2 protein chains.
Amino acid sequence: MSDLLERLRGRGWRLTAQRRVVAEVLDGDHVHLTADEVHARAAERLPEISRATVYNTLGELVSLGEVLEVSTDRRAMRYDPNAHHPHQHLVCAKCGTVRDVHPAGDPLADLPDNERFGFTVSDVEVTYRGICPNCA
Amino acid sequence: MSDLLERLRGRGWRLTAQRRVVAEVLDGDHVHLTADEVHARAAERLPEISRATVYNTLGELVSLGEVLEVSTDRRAMRYDPNAHHPHQHLVCAKCGTVRDVHPAGDPLADLPDNERFGFTVSDVEVTYRGICPNCA
DNA sequence: GGGTCATATTGGATTCGATCCAAGTCAAGA
DNA sequence: TCTTGACTTGGATCGAATCCAATATGACCC
C-alpha cells in the first residue's frame, strides 16, 4: 500500500496523518468495510480522526480509482481496495459477508448492440446473492 | 394489473383503496419509480395517502415477488413492476434513466463452483452503466 | 344492513448513512 | 522558519426509510 501512497503523492496529494491511516486500514486483502468501520479502525491508531475526514478520504480514493464503492444492501456503502483486479461480488443475504469472485465470460460483451439503446456503455457490475456456508 | 390484484386477494391480501392505487401506479410499462414518486402519483388519485403506507405496500409487493427493488445509485431505491420477466438494468450515469435490458448468456452459469465458496447462490443482478443518447 | 375484530393507515418522531459548513490546523515549498 | 492553500474538525443538516401508538376500515358473519 506504500505504493498507493507514493502514487497519490505523485498526483499532488498532500500526505496527512489521517489519509495515511485510512489508506493503511484499507490495505487488507479482501476487506469490504463500511465508512464507519474504516473510521473505527482508523481511530484505533489516530483517536481524533473525524468521520468527515474518513468520508472525504474515501471519496477521493474512489474518484482517483484506487478504491471501489460497492453497495451490497440498502444500508451502508462498502469500500473495496481491490480496485486494480477486475472482479465481481458474492454477498450472503443473511449475514452480509462479501467475497470477491471471478465469473467466466465478459458480461459487457453479452449486451448486444440492439439492447444498448444508444447508450455508451462503459461499465458493468455483477452481484451474486445467496447463503454462505456459515448461515446455511 | 387487475390480475395482480386478483392474485393478491387470493393470497389473503386485504384490498384497500391505498393498495389499489399503489398497484395501479406501478402498472406502467418499464417504469422505475422511487417510493416518493409512487407516493406523488398515488396522491393524485387519493390525496390522503401517506408515505408510510406507500412504503408498506411496496415492501409487501416486493416480498410477494410482484415487484423488484433496484438500487441504481446511492440515492432512493426504485421499484420495478416487471418482476415476471427476467431482465437486467442499464443506467445512465448522468441523468439516472433506467432501461430494462436482456443480455445474452446466463450470468449465474458463469460463476464456476470453485468460485462459490460453499454459498448457495440463488440470484444475480447485473447493472450496466453508461451515458444515454440524451446526455451524450 | 349492522356488528365485530383483526388488519391497515396515518403522520409525526426517529434512525441511520452521508454531506455540508465555517473555523481552526497543518504539510510542503520557498 | 514563514506562508499559504489545502486539509481537518464536529456539529448541523439532509434525505431515505422505518417505527409507533392512535385511529380507521375491509371482510366475514349474522
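Chain letters run A, B, ... following the sequence lines, proteins first and then strands; every chain starts at 1. The shown structure was predicted, so the numbers you read here are calculated from the model rather than taken from an experiment.
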Between the protein and nucleotides 28-30 of chain C, list the N/O to N/O atom pairs that are separated by less than 3.5 angstrom.
from, atom 1, to, atom 2, distance (Å)
C:dA28, OP1, A:Leu15, N, 3.3

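Nucleic acid contact for A:Arg51: none, since no nucleic acid atom lies under 4.0 Å from a heavy atom of the residue. Using a 4.0 Å heavy-atom criterion, one finds that B:Ala76 contacts the sugar-phosphate atoms exclusively.
Of all non-hydrogen atoms in B:His32 and B:Asp100, the two that sit nearest each other are NE2-OD1, 2.7 Å. Counting all heavy atoms, side chain and backbone alike, B:Pro112 lies closest to A:His102 at CD-O, 4.3 Å. Nearest heavy-atom pair across A:Val101 and B:Phe117 is CG1-CE1, 3.8 Å.
Going from atom CG of B:Asp73 over to atom P of C:dG17 covers 18 Å, rounded to whole Å. Per the geometry, CG belonging to B:Leu8 stands 15 Å off C1' belonging to C:dA8, to the nearest Å. Atom CZ of B:Arg19 is separated from atom P of C:dA8 by 4 Å (rounded to the nearest Å). Atom P of nucleotide C:dT9 and atom NE2 of B:His39 are separated by 13 Å, given to the nearest angstrom. At whole-Å resolution of the value, CD in B:Glu48 and P in C:dG11 are 7 Å apart. In this structure, the CG atom of A:Asn56 is 13 Å from the P atom of C:dC21, given to the nearest Å. For the pair A:Arg78 CZ and C:dG17 P, the computed distance is 10 Å after rounding to whole Å. Between the CG atom of A:Leu33 and the C1' atom of C:dG17 there is a distance of 16 Å, given to the nearest Å.
B:Leu8 and B:Leu26 fall within the same hydrophobic cluster, where Ile, Leu, Val, Met, Phe, Trp and Tyr residues are linked whenever their side-chain heavy atoms come under 4.5 Å apart, directly or through other members. Cluster membership for A:Leu61 and A:Val31, using ILVMFWY side-chain heavy atoms within less than 4.5 angstrom, is shared.
B:Glu37 places a side-chain N or O within 3.5 Å of a backbone atom of B:Thr34 that can act as its donor or acceptor partner. Not a single donor-acceptor pair under 3.5 Å links the side chain of B:Arg19 to the backbone N or O of B:Thr57. Not one N or O on the side chain of A:Arg129 forms a donor-acceptor pair closer than 3.5 Å with the backbone of B:Asp123. No donor-acceptor distance shorter than 3.5 angstrom exists from the side chain of A:Glu125 to the backbone of B:Thr127, with no hydrogens or angles considered. Using a distance-only test at 3.5 Å, with no hydrogens or angles considered, no donor-acceptor pair links the side chain of B:Tyr79 to the main chain of B:Val62.
The ring pair (Phe, Tyr, Trp, His ring centres under 6.0 Å) test with B:His87 singles out one residue from B:His85, B:His89, B:His84, and that residue is B:His89.
With salt bridges taken as basic N to acidic carboxylate O contacts below 4.0 Å, one links A:Asp36 and A:Arg51.
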| Given the rule that a pair is Watson-Crick or G-U wobble with both distances under 3.5 Å, how would you write DNA chain D in dot-bracket, using | for pairs to a different strand? | ||||||||||||||||||||||||||||||
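Nucleotides of DNA chain D with any atom under 4.0 Å from a heavy atom of chain B span, from 5' to 3', D:dA16 to D:dA27.
For A:Tyr55 and C:dT19, the shortest distance from a side-chain N or O to OP1 or OP2 is not below 4.0 Å.
Mapping B:Arg75 and B:Ala52 onto DNA chain D by nearest heavy atom places B:Arg75 closer to the 5' end of the strand.
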